[in-house]
Number of protein chains: 2
Amino acid sequence: MKISIDTDYCLRALQELAYQDRENPYSIVKIATKRKIPHKYLEKLFRRLRIGGIVKSVKGRKGGYMLTRDPDKITTKDIIMAVDGRTNIHSCTDRKTEKLCEFADQCSFTDFWTDFNTHINDFLVSYTLEDFLEKGK
Amino acid sequence: MKISIDTDYCLRALQELAYQDRENPYSIVKIATKRKIPHKYLEKLFRRLRIGGIVKSVKGRKGGYMLTRDPDKITTKDIIMAVDGRTNIHSCTDRKTEKLCEFADQCSFTDFWTDFNTHINDFLVSYTLEDFLEKGK
DNA sequence: TTTTCATTATGACCTCCATGATCATATTTT
DNA sequence: AAAATATGATCATGGAGGTCATAATGAAAA
């Protein structure tokens with residue numbers, strides 16, 4: 001039960017990107033060096049963010065990345081979903097086959113896990129990228 | 001951001017133990033075979049639960065484990081703390097040195113992580129082992 | 001009283017996968 | 001040509017998950 005370093009990197013990188021001009025692409029190398037993130041690694045993360053619809057890319061010289069929408073429209077849930085593929089802390093599925101446990105409906109833990117997932121989800125939806133920007137800068 | 005299998009195992013095992021007579025030790029082998037948990041692995045987990053004050057042990061023949069207190073006095077937070085050593089999802093510390101980030105007080109993410117940890121903590125405290133026992137059995 | 005046996009106690013060890021990170025190379029556009 | 005993204009292969013490592021061997025303990029059988 002720990003946040004992945006991927007999420008951590010993405011939050012910092014997206015914060016940096018949010019400070020830039022929305023209309024001009026900003027390169028990964030700049031973000032990476034500024035925020036001290038391995039830039040080859042950040043490339044991979046931004047690929048996921050692009051597929052997840054958080055950022056869009058412009059190729060070639062003068063290219064780079066831009067946010068697809070205003071920071072207050074990007075929740076932490078959106079970001080974690082894009083980068084990790086899920087936000088639920090537990091699913092009543094087999095760890096290997098991914099199949100739902102056949103006793104889930106009669107299991108006394110199911111409600112607990114569902115409730116837990118919901119709490120986390122609600123929390124993550126309540127924070128947006130906007131919340132991480134210093135006002136007045 | 002995923003619950004450890006250790007937590008999962010412990011919840012099931014403690015539920016099983018909670019169904020037994022509080023005054024008589026119940027052996028790990030019985031719990032393990034009943035709940036289909038590798039018993040050698042469960043031994044290690046119960047060591048942590050004992051050190052964490054969730055269960056107490058009786059050695060020798062007829063020995064085994066017992067809960068140290070009533071199920072409604074054992075929260076999921078207690079269990080996860082005992083078995084994983086923490087319940088916080090993120091700490092603003094270096095992953096290797098464990099030292100607190102020197103910019104934590106001026107960092108715009110600190111509040112978010114603190115808030116996140118608090119939410120999870122509150123949630124975990126609100127559930128006890130009692131909640132997982134079928135009434136009327 | 002002695003022995004046996006079922007249990008916990010402890011630490012070393014093993015295996016494997018996910019995480020974290022790099023490299024090489026292709027593609028695009030100024 | 002240069003500077004950027006795009007993509008996939010590959011590498012390294014730690015931690016998660018699990019096993020093994022052996023000692024210590026204490027109740028019950030002999």
Side-chain angles (χ1 to χ4, degrees), chain A residues 1-10 12-13 17 20 24-52 54-68 80 83-86 89-90 94-98, chain B residues 1-10 12-13 17 20 23-33 35-52 54-68 80 83-86 89-90 94-98:
Chain A
M1 197 176 60
K2 192 171 53 174
I3 279 290
S4 73
I5 202 168
D6 291 0
T7 299
D8 206 69
Y9 281 165
C10 283
R12 293 163 195 264
L17 190 58
Q20 309 307 319
N24 282 76
Y26 195 68
S27 86
I28 279 192
V29 176
K30 280 184 190 157
I31 297 176
T33 51
K34 249 193 165 175
R35 307 306 281 250
K36 296 197 173 65
I37 301 170
H39 86 273
K40 278 295 182 184
Y41 196 69
L42 196 55
E43 268 182 22
K44 266 210 313 212
L45 298 180
F46 265 68
R47 195 148 109 216
R48 294 188 217 154
L49 291 176
R50 176 174 53 82
I51 292 167
I54 311 285
V55 299
K56 56 191 170 190
S57 64
V58 175
K59 277 187 165 189
R61 197 172 183 168
K62 287 262 169 190
Y65 286 91
M66 295 167 290
L67 294 179
T68 56
I80 296 181
V83 78
D84 281 340
R86 58 172 181 78
I89 203 152
H90 185 93
D94 186 281
R95 300 221 161 201
K96 284 171 187 164
T97 65
E98 298 279 319
Chain B
M1 199 176 57
K2 193 170 52 171
I3 278 290
S4 73
I5 201 167
D6 291 1
T7 299
D8 207 68
Y9 281 166
C10 283
R12 294 162 194 263
L17 190 57
Q20 309 307 319
E23 304 308 312
N24 282 76
Y26 195 68
S27 86
I28 280 192
V29 176
K30 280 183 189 158
I31 297 176
T33 52
R35 308 306 281 248
K36 295 198 174 66
I37 302 169
H39 87 272
K40 277 298 184 182
Y41 195 66
L42 195 55
E43 270 183 21
K44 266 208 314 210
L45 298 181
F46 265 67
R47 197 148 109 212
R48 294 188 220 154
L49 292 177
R50 176 174 53 81
I51 292 167
I54 312 284
V55 298
K56 57 190 169 189
S57 64
V58 174
K59 278 187 165 188
R61 197 169 185 172
K62 287 262 168 187
Y65 286 91
M66 294 168 290
L67 294 179
T68 57
I80 296 180
V83 78
D84 281 340
R86 57 172 182 78
I89 204 150
H90 185 94
D94 186 281
R95 299 220 163 202
K96 284 172 186 163
T97 63
E98 299 279 319

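Lettering follows sequence order; numbering is per chain, from 1. Model, not experiment: these values are computed from the prediction.
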- Is it true that B/Lys44 and B/Asp6 make a salt bridge, defined as a side-chain N closer than 4.0 Å to a carboxylate O?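 Answer for the salt bridge query: no.
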*NA contact type, B/Arg50, heavy-atom cut-off 4.0 Å: base, sugar-phosphate, or nothing?*
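Sugar-phosphate only.
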What contact category does A/Phe46 fall into here, base, sugar-phosphate, or nothing, at under 4.0 angstrom with non-hydrogen atoms? nothing
task = Measure the shortest side-chain to side-chain distance between A/Phe46 and A/Leu17 over non-hydrogen atoms and say whether it is less than 4.5 angstrom.
result = yes
pair A/His39-A/Glu43: side-chain heavy atoms closer than 4.5 Å: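 Of all side-chain heavy-atom pairs linking A/Glu43 with A/His39, at least one is under 4.5 Å.
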| request: Would you kindly check whether a donor in the side chain of B/Lys44 faces an acceptor in the base of D/dG18, or vice versa, at under 3.5 angstrom? | output: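 Counting by modelled atom types and ignoring angles, a donor-acceptor contact under 3.5 Å is found here.
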Closest heavy-atom pair, A/Met66 versus A/Val58, reported as atoms and distance to 0.1 Å, is CE-CG2, 3.5 Å
[Y] backbone acceptor or donor facing [X] side chain under 3.5 Å:
X: A/Thr68; Y: A/Ile54; answer: yes
X: A/Thr7; Y: A/Ile3; answer: no
X: A/Ser57; Y: A/Gly64; answer: no
X: A/Arg86; Y: B/Met1; answer: yes

Q) Is A/Arg48 near enough to D/dT7 that one of its side-chain N or O atoms lies under 4.0 angstrom from OP1 or OP2? A) no
Side-chain N,O (A/Tyr65) to OP1/OP2 (D/dA6) below 4.0 Å: yes
CG (A/Leu42) and CD1 (A/Ile28) are apart, to the nearest 0.5 Å, by 5.0 Å
Within this structure, what is the [atom1]-to-[atom2] distance between [X] and [N], rounded to whole angstrom?
X: A/Ile5; N: C/dA21; atom1: CD1; atom2: P; answer: 5 Å
X: A/Asn24; N: D/dT5; atom1: CG; atom2: C1'; answer: 17 Å
X: A/Ile51; N: D/dT5; atom1: CD1; atom2: C1'; answer: 13 Å
X: B/Leu45; N: D/dA16; atom1: CG; atom2: P; answer: 12 Å
X: A/Met66; N: D/dA4; atom1: CE; atom2: C1'; answer: 13 Å
X: A/Asp8; N: C/dA21; atom1: CG; atom2: P; answer: 11 Å
X: B/Met1; N: C/dA18; atom1: CE; atom2: C1'; answer: 16 Å
X: A/Arg47; N: C/dA26; atom1: CZ; atom2: C1'; answer: 13 Å

Per atom distances to the B/Tyr9 side chain, the nearest of D/dA4, D/dG18, D/dA6 is D/dG18
Sorted by number, residues from residues 28-42 of chain A placing a heavy atom under 4.0 Å from DNA chain C are A/Pro38, A/Lys40, A/Tyr41
Here the residues of residues 54-61 of chain B within 4.0 Å heavy-atom distance, strictly under, of DNA chain C are B/Ser57, B/Val58, B/Lys59, B/Gly60, B/Arg61
